[in-house]
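The chains referred to below are lettered A, B, ... by the order of the sequence lines, with proteins before strands, and numbering in each begins at 1.
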Amino acid sequence: MLDKTYDAASVEPRIYNDWEKAGAFKAGVGAAPGSDPYCIVIPPPNVTGSLHMGHALNNTLQDILVRFERMRGRDVLWQAGTDHAGIATQMVVERQLADKGEKRRDLGREAFLERVWDWKAESGGTIIGQLKRLGASCDWSRERFTMDEGLSEAVLDVFVQLYKEGLIYKDKRLVNWDPVFQTAISDLEVETREVDGSMWEFAYPLVDGPVDGITEMVIATTRPETMLGDGAVAVHPSDERYKNLIGKMVRLPIAERHIPIIADEYPDPEFGTGAVKITGAHDFNDFEVARRNNIPLIPLMDTEARMVSTPDNSVPKHYHGLDRYDARELILKEIQELGFYRGKEDKIIAQPFGDRSNVVIEPMLTDQWYVNAAELAKPAIASVREGRTNFVPKNWEKTYFDWMENIQPWCISRQLWWGHRIPAWYGPDGTVFVEKTEDEARSAAQEHYGKDVDLDRDEDVLDTWFSSALWPFSTLGWPAETPELKRYYQTDVLITGFDIIFFWVARMMMMGLHFMKEEPFHTVYIHALVRDEKGAKMSKSKGNVIDPLDLIDDYSADALRFTLAAMAAQGRDIRLAKDRVEGYRNFGTKLWNAARFTQINGCERRKDFDPDATKLPLNRWVLTELSKAQADITRELESYRFNEAAGAAYRFIWNIFCDWYLELAKPVFNADDETEKRETQETAAFVLEQILVLLHPFMPFITEELWERLDADRRAHNGFLMHGSWQTLDFADDEAAQDLNWLVELVTAVRSVRAEMNVPAGARTNLVLVGASAKDEDRLQRYQPFLARLARVDDANIAETAPQASAQVILGTLTVCLPLEGVIDLDAERNRLLKEREKCDGEIGKLEKKLANENFLQKAPEDVVAEQRTRLEEEQEKRARISVSLDRLT
RNA sequence: GGGCGUAUAGCUCAGCGGGAGAGCACUUCGUUGACAUCGAAGGGGUCACUGGUUCAAUCCCAGUUACGCCCACCA
């Protein structure tokens, strides 16, 4: 016998353990012979991270699909693994060092990396354990890590090949520099924020005296400290004010250099003074202007954004070592003292920040490695354009195209230690040799120099996303031609959030197409962001983070999963409210109790149960409904409408099976007719079993537990429910459906009247049907016991006219009368009927107007017109009956 | 400055070219042994605003307002 209450906290870990011990998640386990492969690669979480709500949603959706397809007999691989997360992980370990007063540079590269590996060993299992709590059925035996030997091999292969194809190159240009981590970062890792700032105006005097009465050029800047590195002052060629100044020199105060006035399209004559200082080494726009005009670039800062000396002595000695913001203050002070200060305007400015470090990014002139992304993007754009890979929902394709079509070179080198070290070696003269191993580089160098030389390896590592980009094939064994690679690539669907379309999805598309000649997946499902109840993004600093593990502890993983699925409507963010989780926890309890009820009533599954052999309309009706639910849920899951699928399951289980079927089954279970009783027991058991199947992808734990607990043989003979077979019955009995709908409506009507008339709950009443057809009479007779139980009706009869003092309700062509002599409040009943009739009048008015409209009759489809006619007749009929009832009351 | 999205019950959200829905909350009633983590019955909405298309608009189109997000170099 099932326990009186379901204890998720003890059941869930136990069930998961059983699955894992049995190797139930392994690729292909439970698959039908000869079945098609189905593969999802997990978006690898940071190896040292922990589960947040985004992971919970992301992995719930994947698990639903994976379990669904597994139950459909597909050969399923959910490829698991974690990401080394370069900056994020290094940051954590550096912080740990800082707590102990240590610095990574003091430690040295090797010792530091050891610490990181230690940290990985210590915390690397955390998130995997948390995914298991959630119920994720990944093939853990194939778990990969981006810095595994095999995956590192793939990274080297890709780097070397792209280099040799000319798609990776080294370049000296401006990059986004993070002065805290002291590394370059890519455009994507920069977050532009609007902050309070100021714009100052400085004057640069003309060296050779006034021209057209102008003695100085006034420039505006939000970054005074960079003025020391100015290489020119630019004006627009069409700007009449400065026409005769082009080519003249101005004196740069403090730096005490002479720089030219140049003409360039970049300055906007309408903005400020129309003259722009050009600081090619510290501003992206200026860099382009400087390049076009051969203006020298003068880097002013070191890797921590402190002022340094320059070859041309632009930076006076007393600035050396100053932080850029201290330098700013000093510049402002000195410019004022020198009399070149021309004013200040406070304004909001857009400022770049490192998305991890939260410090202001400094454009810096450095040597970095780049991927020619524009070239790789071409086939990736075409794939989506031509429908070989589809986004769901489709509108994300626009975002993808916009970015891919304007894609910039991808800076892939990072001045970090934790990551894949770039396979490039330099000879004594700086010649670079890119090879997979030092030996190969050495022989290449030998060939180049004609002798053996010492090589220095590039110090830098690769952007984390470089290895993630290979994930769909590197995890399957590439570059080796493994059976798994052959079988599971192309994978099926990628499930991820929109925030990493650029970081990851786009790059997987590029790499997958380039190296595998085939898209990594045919579908990209983009899910929402999980927000808090008020719609704010969850963040630690706001303190509004809901920990999925807390919800699991409080309500069960099943409840959390069902909530996330039920709220995962396409194209909308999820605002997670705890009551929803609580509600779905209750849903689990409801299912548990329903199962317990069937068990108490001896509902045992018959192995050869044949739905077609059932006789009772009650059973044939629930089988019809089951069949509909199966078809609905299957269809919705196939089209990634998780919320619809969850809703269909919920409604069938609670509103059909529990509320009506089991209630209606009660009298059958208590009746003497053994045949009917047995058929109903068997049907109930069958439907419940199918419910467990339908619900399993959403609520894997409670369903698996019930599956086993309801029938001890199952585990022994059929294995796990998770390998059970998903079915679509294709059963329909319209006659039975009409029968039961009639009964449900009648019961509902009676209950409604009773409640409105304040009939005491325990009181029993009689029922009189007026206007009953032969069919109604037959049904009334057959369903008498159900009426007795569900509507507390003792005696049900047919009559020509309604009895005196009865409450009446119109149901189609029937008038349902409850004789309530002594109980009924005549005034209340009259008011109720009047209100009812008013409603009818409103409807009739609307319908009549519509049907009087010639245009409607001519242009609307026939069936719509017919439907409106029918509705009008029904309403009129109903109104007439209400009037009759009213007459009898007076 | 561009792009995307959202506005429907008190709250969180579905839905949809032809009769406004769910869950939670609320009100009333209920311990007939599956379930009070429950059951029954109710109240509650100019479907943001303004126009247009249509026989018909909450739904399609345009605009407005509000909010959110993404992208972007105005010094």
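Of the residues near RNA chain B, D187(A) and T589(A), the one whose nearest nucleotide (by heavy atom distance) lies more toward the 5' end is T589(A). Annotation: of the two residues near RNA chain B, K398(A) and A275(A), the 5′-most nearest-nucleotide partner is K398(A).
Taking atom C1' in both A9(B) and G5(B), one finds a spacing of 23 Å when rounded to whole Å. Distance noted for atom C1' between G15(B) and C67(B): 22 Å (whole Å). The separation of U6(B) from C59(B), taken at their P atoms, amounts to 14 Å, rounded to a whole angstrom. With both ends at atom P, the span from G39(B) to A48(B) equals 32 Å, rounded to whole Å. Comparing the same atom, C1', in G63(B) and in C55(B) gives a spacing of 26 Å after rounding to whole Å. When the C1' atom is used for both A62(B) and U27(B), the distance is 44 Å, rounded to whole Å. Remark: the separation of the C1' atoms in C11(B) and G19(B) is 27 Å, to the nearest Å. Spacing of C1' atoms, C24(B) relative to G44(B), comes out at 14 Å, to the nearest Å.
Side-chain contact check for R641(A) and S639(A): at least one donor-acceptor pair (N or O, by modelled atom type) lies under 3.5 Å. With 3.5 Å as the limit, one finds no donor-acceptor pair spanning the side chains of T598(A) and N601(A). Checked by atom type, the side-chain pair E189(A)/S186(A) shows a donor-acceptor distance below 3.5 Å.
When distances run from any side-chain atom of D659(A) to the nucleotides C70(B), A34(B), A40(B), the shortest one goes to A40(B). Distance from the side chain of N285(A) is smallest for C73(B) among the nucleotides U37(B), C73(B), A75(B). In the set U37(B), C69(B), G39(B), G39(B) carries the atom at the smallest distance from any side-chain atom of K590(A). Taking every side-chain heavy atom of N395(A) into account, G5(B) is the closest of A41(B), G5(B), C35(B). With A41(B), C71(B), A34(B) as the candidates, the nucleotide lying closest to the side chain of F502(A) is C71(B).
In the displayed structure, E848(A) atom CD is contacted under 6.0 Å by more than 12 heavy atoms of other residues, nucleotides or ligands.
Using cut-offs of 30° and 60° for the angle between ring planes, the F502(A) and W403(A) rings count as parallel. Taking the six-membered ring where tryptophan is involved, the planes of F562(A) and Y650(A) are tilted, since the angle between them lies from 30° to 60°.
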**OP:** Quick one: the dot-bracket string of RNA chain B, using Watson-Crick and G-U wobble pairs with both distances under 3.5 Å, [ ] for crossing pairs and | for bases paired to another strand.
**Re:** (((((((..((((....[..)))).(((((.......))))).....(((((..]....))))))))))))....
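Distance alone, capped at 3.5 Å, places no donor-acceptor pair between the D239(A) side chain and the V235(A) backbone.
Across all strands shown, Q599(A) has no heavy atoms under 4.0 Å from either base or sugar-phosphate atoms.
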Subject >> Sugar-phosphate or base contact per nucleotide [nucleotides 17-32 of chain B; S, B, -; heavy atom under 4.0 Å] >> reply: -BB----S-----S-B
